[in-house]
Structures are given as structure tokens and as C-alpha cells.
K.L.:
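I'd like to ask you about the structure that follows.
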Amino acid sequence: MSSLKIYNSAVREKEVFESIVPGHVGLYVCGPTVSGESHLGHARPYITFDVVYRYLTYLGYKVRYVRNITDAGHFEEEGREAEDKISKKAVLEMLEPMELVQKYTNLFHWAMDRFNTIPPSIEPTATGHIVEQIGMIEAIIAAGYAYEINGSVYFDVKKYAATHDYGKLSGRILEDLLNTTRELEGQEEKRNREDFALWKAAPPEHIMRWKSPWGEGFPGWHIECSAMATKYLGARFDIHGGGMDLQFPHHESEIAQSTICNGTAPVRYWMHNNMITINGRKMGKSYNNVVKLTELFSGDHPLLEKAYSPMTVRFFILQTQYRSTLDFSNEALLAAEKGLKRLMDAYAWLQETPRMPEAARVPAGGVETADASVARLLSELPDFMNDDFNTAKVLANMFELVPVINGIKDKSPDAALMSEETFESMRSTLKLYVEDILGLLPDGSGEGEKLKGVMQVLIGLRQQARANKDWVTSDAIRNQLAAQGILLKDEKDGAMSWTLA
RNA sequence: GGUAUCGUGGCCGAGUGGCUAGGCACAGCUCUGCAAAAGCUGCUACAGCGGUUCGAAUCCGCUCGAUACCUCCA
């Protein structure tokens with residue numbers, strides 16, 4: 001079997017994965033900023049790294065998965081007037097930042113649960129680690145790589161770059177940054193334009209504020225990840241993940257801070273997922289093209305023709321290699337929905353069929369025509385996962401198994417013949433990859449025991465009607481069920497199956 | 001302007017030198033009371049131009065086009 005290779009953004013090539021501490025993996029993923037609702041674009045990293053987490057766990061590693069919640073900084077609820085922040089209204093009417101944080105954190109957890117992502121081992125919040133962040137900033141100042149001005153603290157990029165490779169991760173050259181940095185407000189007090197904030201003094205109207213050696217203020221964006229990653233994973237850990245748009249400046253700055261503070265580069269393998277685009281454009285607030293997850297699940301958005309289930313979205317994302325851009329459209333999502341249904345229908349039947357049906361059994365002296373190809377398709381799955389988590393190829397192989405499974409199910413005369421061992425191997429391997437590694441769940445929601453019982457009654461009535469060639473009754477049952485969103489199918493041997501539409 | 005990535009059939013997308021990706025859509029056939037599903041078959045592409053090579057979607061160069069980042073961003 002092949003060994004796991006990961007594309008390391010820092011060196012721009014695939015490297016064989018070796019954990020720093022044998023048997024253990026430290027995984028850090030930049031989490032959401034909970035000042036607003038998560039959108040489809042946010043779903044990608046969390047689903048991508050959920051699969052990474054699942055696969056590493058399957059490989060036998062004890063993984064500590066840390067994903068932060070960014071709940072400090074500038075906060076403003078969408079649509080809410082900024083003046084609220086400084087109004088002299090009663091406390092209850094004023095914007096309470098933690099109320100927003102709680103609301104959007106809950107919503108985020110709800111969406112992650114629907115996507116069937118496994119919760120991280122630790123989900124630290126920025127506000128819960130102010131002490132650690134202040135400690136880290138003090139260490140950086142003590143080392144001489146940061147300076148305080150007017151209650152704010154900035155990282156001295158120029159000094160750092162003199163002896164370290166600032167820009168290595170993002171492929172940037174410091175001089176270029178000097179010339180191309182945008183004009184922003186509040187930049188005057190920095191020594192150099194490329195310096196970034198470790199701590200910002202809070203203006204009087206700023207509600208989120210903490211005491212620090214430099215006065216009241218709040219931490220810079222980059223320091224929180226460095227502080228929390230260091231605290232829970234150590235000065236040097238295995239994998240750091242996040243969206244490509246975070247590569248610069250966020251991750252570059254993380255490297256600089258942690259390197260000065262801890263005396264070592266923090267991360268062994270950097271992984272960056274690509275963006276989700278709409279009509280070729282990145283999904284983002286500034287482009288005004290975001291589809292929120294709640295809108296996606298409800299279908300309530302001008303760009304959406306219908307609602308799409310969380311599993312459809314998960315499948316849609318996994319059908320693409322995580323380093324490629326993924327273009328969103330109704331057509332693409334619809335295709336994903338249909339494809340997933342086909343895969344999961346075959347999969348569900350296979351899981352309900354513990355023993356190889358007679359019809360597919362190889363007759364005495366017969367040839368196991370399907371054994372070799374099925375075995376090959378199955379044996380390639382770990383190779384694909386080991387090749388930088390190529391879930392697209394894993395799914396492609398699974399789709400090649402679908403006709404094999406359906407052939408057995410339909411007892412078609414030219415059904416693929418295979419040995420009992422191959423059948424069992426197919427069953428257990430698919431369960432492992434579909435459910436445990438890719439995290440795709442059969443859409444069994446709503447199929448309560450009572451509904452199953454009721455369906456059995458209706459199926460019985462319809463079978464009777466069909467036996468009597470009473471097509472009127474037969475069709476009435478099927479059509480009325482369809483109107484209720486239940487699709488009834490006649491199988492080859494007179495049996496019937498049903499699915500919720 | 002700087003840096004980087006990408007351009008694959010109607011659509012989405014895998015693929016770093018030779019072998020069918022896969023899904024969806026579409027067409028035909030089989031099965032079927034009808035339907036749906038399923039099975040089989042077909043549709044077979046790599047932006048353009050040069051180069052390297054026995055051989056290139058894959059390597060190199062140029063051109064055209066697109067996107068991302070350049071301190072809000074998954």
C-alpha cells in the first residue's frame with residue numbers, strides 16, 4: 001500500500017506525511033469568524049478537513065483537531081446600524097457582542113452537524129485566550145520584534161525579514177509588499193506599512209475591550225491562531241489548514257509570530273483549500289454573491305432553483321479535489337444531487353444485503369467474472385486517499401461499482417459473478433469509505449419504524465391490486481404516495497421499494 | 001503594477017509523457033401493464049501557436065483569456 005502524501009503549500013509539492021510524534025497528529029484549522037452567517041464558501045474547508053481528520057484517524061493516528069472560533073475584533077451585525085454601538089440606550093437595547101457571537105456560533109454548529117462533520121477535539125475561542133495572546137505579544141516585544149505606539153502593538157516585519165524568510169509561504173517578496181500595500185486608515189502610526197497589528201488600542205466606542213499592559217484594547221487577527229495553536233498543539237505541530245485566501249497575510253503572519261515566540265517554525269505541512277466560485281467569481285461579501293447555508297438548505301435565494309440537502313453539498317464538494325476551484329451552479333448541484341442518490345441507493349441496498357444473493361453466486365465450475373475488476377476498484381481507494389486526499393477519484397471508483405451492485409440487485413442474467421469473499425469485501429470496504437471516511441450518510445431521515453410499517457401495508461395492498469391487474473387501484477396508490485413525496489418503485493421480482501423524494 | 005493559480009467534451013469535474021476517469025444531460029436499445037428505477041450502447045475533449053520527445057491534455061516558450069492574493073475574507 002502507498003503511503004500518505006500531502007501537498008504542502010509551503011514548498012508547493014506533495015510530500016510524504018510523517019508525523020512529528022509517532023502515532024499522533026496535531027491538526028489546526030482556521031475556524032469561522034462568528035460575526036455573521038456562514039455561507040457555502042465556508043463549508044468547503046470544514047468539510048475538506050473533516051475528511052482529512054477522518055482519514056488520519058482511520059490510518060490509526062491519534063489526532064488532536066483544533067479549530068478556533070474567532071469571536072474577538074470588530075463586530076457589527078449585518079444590517080444593524082453601527083451607531084448602536086455608541087448609543088446611550090439601555091443595556092438591553094445595545095448591541096451585546098457576545099449575543100451575536102452566541103447566535104452565529106450556534107448556527108455554525110448546527111450547519112456543521114447537518115454536514116455530518118465531526119466536531120473538533122478542541123474548539124477554542126479567541127476571547128477565551130486573551131491572556132495567552134497577551135503573553136505571546138509580550139514575548140515578541142521582549143525579543144525585539146514588536147513595538148508599542150499609542151496603546152497598540154505592531155509586529156516589525158522589516159526586522160523579521162532581515163533574518164527570516166517572510167513571504168516564503170505565500171511566495172511574496174517584501175519589497176513588492178512595500179510598493180503595493182494599499183492605503184488604509186490608521187496606518188500612520190506604524191513604523192513600516194507592512195507591519196501588522198498584534199494588539200489594537202480600543203477607541204472609546206469600541207465595546208469589545210480587554211485590559212493589557214498597553215491599555216485597553218483587543219488582539220490582532222493573526223495572533224489568536226498562533227496563541228491557540230501553540231497552547232494546544234505545541235510550538236511545532238503537523239498540519240495547519242485553511243482557505244487559500246488566508247495564506248497571505250494571515251498564515252504568513254502566524255509563521256512570523258510563532259517563529260519569534262517559540263524559536264521554531266510552527267507548522268510542518270500547510271494545507272490550503274481552494275475557493276468556491278459563482279460564475280467564475282469567488283463567493284464573498286464584497287462581490288454580493290454569497291449563498292448562506294440556511295438559504296442553501298431552504299432553497300430561499302434568487303440564485304437557487306430549489307433547496308439542496310447538506311449531504312448533496314458535502315458530496316458536491318468532495319467530487320472535486322480540494323485544491324481546485326469549484327464552480328457553483330444549479331446545474332452542478334442538481335447533477336450532484338442525482339449522482340449522490342444513485343450512489344447511495346446502490347450503497348443502501350448493499351448494506352441491507354448481508355449475504356450474497358443466489359443469482360450472483362458463481363456456479364460450480366463457473367468463472368468469477370467480476371472478482372478481479374471489483375478487487376482492483378476497491379484496492380485503489382486507499383491509494384487515491386493517500387494521494388493528497390483525492391476524494392474525486394474515490395468517488396469515481398465507487399460509481400464504477402454501482403452498476404455491479406445494481407446488476408446483482410436486479411438479478412439480471414448477465415449479472416457480474418463474484419465470490420462470496422469479494423461481495424463481503426465490497427460491502428465492508430464501501431461502508432468504511434462512504435460513511436467513515438467520506439462521511440456520507442444514507443438519507444434515512446424520516447424513515448421511522450411507524451412509516452416503514454405503514455408503507456408495508458400500502459405495498460401489500462398494491463401488490464394485491466397488481467396481482468388482480470387492477471391498474472386503477474395500483475396507480476392510485478403510487479400516484480397518491482408520489483404526491484406525498486414518496487416514490488414507489490416496482491422491482492423485477494414483484495417486490496416494491498420506496499424512497500423519500 | 002507585483003505575485004500566484006488556472007483554461008479539459010452541452011454542464012460539473014479527475015488526470016504532471018503512452019492505457020476508458022467519473023457524475024449530470026442527451027440519444028438508442030433491453031426490462032416493464034404503465035411509470036420510475038436499473039442494465040447495455042453511443043456521444044470522446046484537452047484555449048491558440050511554436051518547441052522538446054519515438055510519443056504530450058500532461059514538459060518548455062510565447063500569445064490570448066479567466067481567477068485569486070497584495071493586510072476584511074474559508
Side-chain angles (χ1 to χ4, degrees), chain A residues 12 14 29-33 35 38-49 73-74 157 167 170-173 175-177 179-182 184 187 193-197 220-222 241-250 252-253 272-277 280-287 315-316 319-321 323-343 345-346 384 390-400 402-407 409-410 412-415 466 469-471 474-475 478-479 482 487-492 497 499:
Chain A
R12 282 159 234 282
K14 287 177 193 167
V29 176
C30 289
T33 300
S35 60
S38 299
H39 59 71
L40 177 58
H42 295 113
R44 193 166 194 193
Y46 307 130
I47 288 172
T48 297
F49 291 105
H74 287 284
V157 172
S170 50
R172 245 157 263 262
I173 302 159
E175 283 100 66
D176 292 336
L177 291 174
N179 299 329
T180 60
T181 302
R182 278 191 267 168
L184 287 173
Q187 302 275 302
R193 300 171 86 191
E194 68 276 17
D195 292 351
F196 56 86
W221 176 36
H222 313 307
M244 263 184 191
D245 50 351
L246 297 182
Q247 208 168 26
F248 188 89
H250 185 54
E252 198 75 59
S253 302
H272 291 99
N273 64 274
N274 215 317
M275 302 291 102
I276 286 182
T277 58
R281 270 227 122 88
K282 173 184 164 183
M283 187 177 289
K285 258 190 206 167
S286 44
Y287 296 121
F315 174 77
F316 174 64
Q319 251 189 323
T320 307
Q321 220 281 338
R323 285 186 286 113
S324 303
T325 55
L326 171 56
D327 201 48
F328 162 92
S329 68
N330 274 290
E331 212 178 353
L333 231 32
L334 220 47
E337 185 178 72
K338 289 194 177 183
L340 176 64
K341 182 169 175 4
R342 198 165 109 85
L343 176 65
D345 281 353
F384 294 156
N390 198 328
T391 54
K393 286 190 121 183
V394 169
L395 285 167
N397 267 28
M398 285 182 184
F399 273 106
E400 293 205 48
V402 167
V404 175
I405 296 168
N406 285 333
K409 176 186 172 190
D410 292 342
S412 70
D414 51 348
R466 290 188 75 215
K469 296 201 190 295
D470 177 4
W471 309 128
S474 168
D475 288 352
R478 189 174 63 196
N479 294 340
L487 296 180
L488 202 59
K489 289 190 295 191
D490 295 328
E491 301 293 342
K492 303 232 162 178
S497 66
T499 52

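These numbers come from the heavy atoms of this one structure, side chains and all, not from hydrogens, waters or symmetry mates. Just so you know, these numbers come straight off a predicted model, no measurement behind them. Just so it is clear: chains get the letters A, B, ... in the order the sequence lines come, proteins before strands, and each one is counted from 1.
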K.L.:
For B/A74, take OP1 and OP2 only and decide whether either is under 4.0 Å from a side-chain N or O of A/Thr33.
P.N.:
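It does, given that an N or O in the side chain of A/Thr33 lies less than 4.0 Å from OP1 or OP2 of B/A74.
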K.L.:
Measuring only the C1' atom in each nucleotide, how far is B/G48 from B/C40? A whole number of Å is fine.
P.N.:
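One C1' to the other, the span is 39 Å.
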K.L.:
For the side chain of A/Glu331, starting at C-beta, report the closest nucleotide among B/C11, B/A35, B/A14.
P.N.:
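The answer is B/C11, which lies nearest to the side chain.
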K.L.:
Between A/Lys282 and A/Thr325, is there a side-chain heavy-atom distance shorter than 4.5 Å?
P.N.:
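Sidechains of A/Lys282 and A/Thr325: no contact.
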K.L.:
Which listed nucleotide (B/C34, B/A68, B/A37) is nearest to the side chain of A/Asp490?
P.N.:
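Of the candidates, B/C34 comes closest.
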K.L.:
Should A/His272 and A/Asp245 count as side-chain neighbours, where that means a heavy-atom distance under 4.5 Å?
P.N.:
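A/His272 vs A/Asp245: side chains apart.
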K.L.:
Could you work out the separation of B/C59 and B/G18 based on their P atoms and round it to a whole Å?
P.N.:
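It works out to 12 Å between them.
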K.L.:
Is any side-chain N or O of A/Lys282 closer than 4.0 Å to OP1 or OP2 of B/C73?
P.N.:
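So the side chain of A/Lys282 is outside the cut-off, no N or O lying under 4.0 Å from OP1 or OP2 of B/C73.
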K.L.:
Should the pair A/His222 and A/His250 be assigned to parallel (<30°), tilted (30 to 60°) or perpendicular (>60°) ring geometry?
P.N.:
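A/His222 and A/His250: tilted rings.
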K.L.:
Taking the P atom in each of B/U44 and B/G10, what is the distance between them to the nearest angstrom?
P.N.:
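Roughly 10 Å separates the two P atoms.
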K.L.:
What nucleotide among B/A14, B/A38, B/A74 has an atom nearest to a side-chain atom of A/Pro45?
P.N.:
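Nearest to the side-chain atoms of A/Pro45, counting from C-beta on, is B/A74.
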K.L.:
Select one nucleotide: of B/G23, B/C11, B/G39, the one nearest the side-chain heavy atoms of A/Pro403.
P.N.:
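The closest nucleotide is B/G39.
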K.L.:
Give me the distance, rounded to whole Å, that separates B/U58 from B/U52 when you measure between the P atoms they each carry.
P.N.:
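Roughly 15 Å separates the two P atoms.
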K.L.:
So, is A/Arg342 near the phosphate of B/C24, with a side-chain N or O under 4.0 Å from OP1 or OP2?
P.N.:
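Yes, A/Arg342 has a side-chain N/O under 4.0 Å of OP1/OP2 on B/C24.
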K.L.:
Could you work out the separation of B/G39 and B/G50 based on their P atoms and round it to a whole Å?
P.N.:
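After rounding to an integer number of Å, I get 44 Å for this pair.
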